[in-house]
Amino acid sequence: MKTNINIFDCKMMKRIAIFASGRGSNALKIIEHFQEHNQIEVSLIVSNKNKALVLNVADRFNIAKLVINRDDFYRSDATLEYLKSHNIDFVILAGFLWLVPLDMINYFNKRMLNIHPALLPKYGGKGMYGMNVHRAVKDAGEQETGITIHYVDPEYDEGQIVFQAKCQVNENDTPESIAQKIHELEHRHYPTVIEHTIRSTFGI
Ligand code: GAR
C-alpha cells in the first residue's frame with residue numbers, strides 16, 4: 001500500500017483502471033509494478049463477476065472496485081461516467097472477456113490496451129480466450145505461440161498491435177503447460193509495455 005504521497009504527486013498521477021474477469025494474475029503483476037511509482041497508479045479494478053479472484057487482489061492493495069452487470073455496461077453510460085468521475089486516464093484489459101462498448105472505446109481511443117494469449121491475428125476473435133486458445137494452438141500442431149498486446153478497437157482482437165513476444169511449443173506441451181508459458185510471458189512484459197505506452201501517450 002502507498003504511503004507518504006503528497007498532494008502534488010496525486011495531481012500528477014496518471015490513473016489506470018484494470019478490467020478483469022478471472023483470477024487476476026496479470027492484474028496483480030501490474031499493481032505490483034506500479035505500487036511505488038510516482039507518476040502512474042492503479043486506481044480502480046472493474047469486474048463483471050462479483051466473485052472474481054481479482055477483487056480479492058483489489059482488497060489486498062486497498063484499490064477501489066467496481067462490479068458491473070451486462071445491462072449497465074451495454075444499455076447505459078454508467079460505467080463510462082464512473083470512469084470519468086474517477087479521473088481514469090488509461091484502461092487496461094487483463095482477462096476481461098466482454099466486448100467493450102463503442103462509446104467507451106471512443107472515449108479511451110489509444111488509451112485502452114488488451115492482452116491476448118496468442119500471436120494475433122492467429123487464434124483471435126469471438127470465443128478465443130484462455131484455455132480455448134491454448135487448446136487450438138496445440139491441436140493445430142503449432143511450434144510456437146506467444147502473447148499480443150494491442151490497442152482496443154470495436155472488433156475482438158483487431159486493434160493495432162503494440163507488442164508481441166513468442167515462446168516455443170514442444171511435442172510434450174499440453175494446453176496447460178502452454179498456458180503456464182504464456183502467463184510467464186504476460187507477467188514479464190505486460191506491466192512494462194503498459195508503462196512505456198502510458199509514458200509515450202502522455203509524454204511523461
Ligand atoms: C490471460 O492469459 C489473458 O491473456 C487472457 O486471459 C488470461 C487472464 O489471466 N485473455 C484473453 O484470453 C482475452 N481474449 P489472469 O486472470 O490470470 O490475468
Side-chain angles (χ1 to χ4, degrees), residues 16-35 42 44-61 63 65-68 73 90-101 104-105 108 112-140 142 144-169 173-195 197:
I16 297 175
I18 300 177
F19 282 48
S21 310
R23 74 186 169 112
S25 70
N26 279 285
L28 174 61
K29 293 292 172 190
I30 296 163
I31 291 165
E32 286 175 347
H33 180 84
F34 290 111
Q35 214 186 349
V42 177
L44 181 67
I45 302 288
V46 180
S47 184
N48 58 309
K49 292 188 181 161
N50 61 7
K51 295 223 164 67
L53 290 176
V54 69
L55 296 174
N56 301 346
V57 177
D59 286 339
R60 267 174 53 202
F61 288 85
I63 295 171
K65 301 174 290 189
L66 174 69
V67 177
I68 53 174
F73 198 54
F90 215 97
V91 172
I92 299 299
L93 308 186
F96 184 73
L97 305 182
W98 286 0
L99 200 59
V100 177
M104 198 177 292
I105 290 175
F108 287 101
M112 187 184 297
L113 287 177
N114 179 43
I115 193 160
H116 186 78
L119 294 170
L120 292 173
K122 284 176 146 185
Y123 305 105
K126 198 165 168 39
M128 275 294 169
Y129 58 86
M131 291 305 293
N132 293 352
V133 175
H134 309 312
R135 277 188 214 105
V137 165
K138 178 70 188 171
D139 289 349
E142 295 282 359
E144 66 175 18
T145 185
I147 62 169
T148 303
I149 298 169
H150 63 95
Y151 287 114
V152 177
D153 82 358
E155 304 300 325
Y156 269 114
D157 303 326
E158 288 190 10
Q160 184 192 334
I161 292 174
V162 173
F163 177 88
Q164 289 187 306
K166 293 178 181 173
C167 61
Q168 286 189 339
V169 179
D173 271 317
T174 61
E176 289 73 22
S177 68
I178 295 171
Q180 194 174 339
K181 288 181 181 180
I182 290 297
H183 266 112
E184 281 167 16
L185 275 184
E186 293 182 331
H187 298 165
R188 190 180 325 147
H189 294 293
Y190 205 15
T192 51
V193 171
I194 291 167
E195 172 161 7
T197 307

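Just follow the structure's listing: the first ligand is 1, and inside any ligand the first atom is 1.
Residue contacts with ligand 1 leave out I182, since none of its heavy atoms falls under 4.0 Å from the ligand. For the ligand labelled ligand 1, residue G24 lies inside the 4.0 Å heavy-atom shell.
In this structure, E176 and M131 have side chains that are in contact, with non-hydrogen atoms separated by less than 4.5 Å. Residues F19 and N48 have side chains not in contact (no heavy-atom distance under 4.5 Å, counting atoms from C-beta outward). Taking 4.5 Å as the limit, every side-chain heavy atom of L44 sits out of range of all side-chain heavy atoms of I18. Residues F34 and E195 form a side-chain contact, since some pair of their non-hydrogen atoms from C-beta on lies under 4.5 Å apart.
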Do any side-chain atoms of residues 158-166 form donor-acceptor pairs under 3.5 angstrom with protein atoms, and if so which ones, sequence neighbours left out?
| residue | atom | partner | partner atom | Å |
| --- | --- | --- | --- | --- |
| Q160 | OE1 | K110 | NZ | 3.1 |
| Q164 | NE2 | L120 | O | 2.9 |
| Q164 | NE2 | T148 | OG1 | 2.9 |

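Among protein heavy atoms, the minimum distance from atom 12 (O) of ligand 1 is reached at G130 N, 3.0 Å. In terms of protein heavy-atom proximity, atom 1 (C) of ligand 1 is closest to E186 OE1, 3.2 Å. Atom 9 (O) of ligand 1 has its closest protein heavy atom at H183 NE2, 3.1 Å. From the protein, the heavy atom lying nearest to atom 14 (N) of ligand 1 is H116 ND1, 3.3 Å.
Under the side-chain hydrogen bond (donor to acceptor under 3.5 Å, both in side chains) criterion, Y123 pairs with E142, not counting sequence neighbours.
Geometrically, ligand 1 and F96 share no nitrogen or oxygen pair separated by less than 3.5 Å. Among the atoms of N114, none of the N or O lies under 3.5 angstrom from an N or O of ligand 1. Below 3.5 Å of separation, one finds no N or O of A94 facing any N or O of ligand 1.
Every atom of ligand 1 is numbered from 1 in the order shown, and the set under 4.0 Å from a heavy atom of I115 is 4 (O), 10 (N), 13 (C). Numbered from 1 in the order shown, with element, the atoms of ligand 1 that lie under 4.0 Å from a heavy atom of G95 read 6 (O), 8 (C), 10 (N). Counting atoms of ligand 1 from 1 in the listed order, those under 4.0 Å from a heavy atom of M128 are 14 (N). The distance from ligand 1 to the heavy atoms of N26 drops below 4.0 Å at these ligand atoms: 1 (C), 9 (O), 15 (P), 18 (O).
Closest to atom 17 (O) of ligand 1 by heavy atom, among P117, G125, S25, is S25.
With rounding to the nearest 0.5 Å, the separation of NE2 in H183 from CD1 in I178 is 13.5 Å. For the atom pair CD1 (I194) and CG (L113), the distance works out to 6.5 Å, reported to the nearest 0.5 Å. The line from CD1 of I147 to CG of L119 is 9.0 Å long, rounded to the nearest 0.5 Å.
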